[in-house]
Amino acid sequence: MNILVTAGATREPIDPVRYLTNRSSGKMGYALAKAGTTLGHRITLISGPTSLDIPPNIDFIPVETAQEMLEAVKANIGGQDAAIFSAAVADYRPSSLSDKKIKKTADSLTLELVKNPDILGSARLQFKYDGILVGFAAETENLEINAREKLCRKACDLIVANDISQKGIGFDSDHNEVLLVYPERTRLLPVDSKERLAHTIIEAVHELRTGTG
Ligand code: CTP
């Protein structure tokens, strides 16, 4: 299969030295890319900045902002058998970018934020993508209900849901526990390394593509 993976956090600039981002390490997305190549698939990895090594034998497309990630996805999603959106895209960006460093002259500073495009949500309607579509959901409550809502709203075949309120797994950890949420069923993948979970997720995506799941 040809598989596109988005990974990492996006970085939304405020001025030449500052930006907004989040705690995503990119580990899950990079593990998916590595598992994909190990299992014989062709991987295109579109990634925000991370401290991770670029996995070998993949097409790697580095991006910074959500807007750049959207453009990269739009340009590369055609011809993919599956697209897995594990990136932690910043939901908002500063409404304007200062070309000079903002000086600390005032006692308070208000940043106006505007909504970023929903990249996963654009796949079906805007990009007319008809391959297997997989999203991630990071939730602190009502894991399955919220994931299932995302599955429908973003027209996905599968949502990989993780409860980020659980200590020691998920964000920035080497381990995670995820719930695979399909339209008709769920499957729990108990706590495991992100490498092993990534293998199982790629196999699950392959089953969806070949109709053997
Ligand atoms: N996602 C995306 N583009 C965005 C926001 C999210 O592609 N601008 C993708 C993520 O990569 C993930 C999925 O959408 O696969 C879920 O992201 P999340 O932020 O949890 O979903 P939201 O729709 O933003 O819902 P909420 O803010 O209610 O959690």
Side-chain angles (χ1 to χ4, degrees), residues 3-13 19-33 36 43-50 61-77 80 82-95 113-129 131-166 169-172 176 178-183 189 194 197-198 201-202 204-205 208:
I3 307 177
L4 179 146
V5 178
T6 72
T10 62
R11 205 181 251 189
E12 310 296 331
Y19 53 78
L20 294 176
T21 190
N22 60 64
R23 288 178 52 202
S24 169
S25 63
K27 284 176 185 168
M28 193 67 232
Y30 280 53
L32 285 164
I43 304 295
T44 301
L45 177 62
I46 299 173
S47 175
T50 74
I61 304 173
V63 295
E64 285 219 352
T65 65
Q67 191 59 42
E68 287 171 13
M69 187 171 277
L70 178 85
E71 297 302 328
V73 167
K74 189 177 175 183
N76 289 279
I77 200 165
Q80 301 288 343
I84 308 175
F85 288 72
S86 72
V89 181
D91 286 328
Y92 294 89
R93 68 177 180 279
S95 60
L113 305 178
V114 292
K115 212 167 198 175
N116 266 331
D118 182 352
I119 308 170
L120 172 60
S122 305
R124 295 278 191 229
L125 281 177
Q126 255 181 272
F127 307 152
K128 309 291 178 210
Y129 173 68
I132 299 301
L133 188 61
V134 181
F136 271 67
E139 307 290 349
T140 51
E141 55 187 352
N142 302 327
L143 184 63
E144 186 180 342
I145 293 170
N146 287 336
R148 201 164 282 293
E149 185 275 325
K150 252 165 227 174
L151 181 85
C152 296
R153 179 161 48 90
K154 304 196 187 198
C156 295
D157 299 292
L158 169 65
I159 290 280
V160 181
N162 63 132
D163 180 348
I164 54 169
S165 66
Q166 287 192 52
I169 58 170
F171 272 129
D172 213 20
N176 208 352
V178 300
L179 191 65
L180 300 187
V181 179
Y182 297 85
L189 304 184
K194 287 187 175 174
L197 288 172
I201 293 167
I202 295 290
V205 169
L208 280 172

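We count ligands from 1, going down the list as the structure has it; atoms in each ligand are counted the same way.
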Lys150 atom NZ, neighbour heavy-atom count above 12 within 6.0 Å: yes
Return the minimal non-hydrogen interatomic distance between Ile202 and Gly36, and the atom names on each side. CG1-N, 4.1 Å
CA sep, side-chain torsions, deciding dist, call: Tyr19, Thr65, side chain to side chain donor-acceptor pair (under 3.5 Å): CA-CA 10 Å; Tyr19 53 78; Thr65 65; over 6 Å; no
Taking any residue with a non-hydrogen atom under 4.0 angstrom from an atom of ligand 1, which ones do you get? Phe85, Ala87, Val89, Asp91, Pro117, Asp118, Ile119, Leu120, Gly135, Phe136, Lys150, Arg153, Lys154
Identify, with sequence neighbours excluded, every residue that meets side-chain contact (heavy atoms from CB on, under 4.5 Å) alongside Ala9. Thr21, Asn22, Ser24
OH of Tyr182: more than 12 outside heavy atoms within 6.0 angstrom? yes
Are the side chain of Glu12 and the backbone N or O of Ala66 linked by a donor-acceptor pair below 3.5 Å? yes
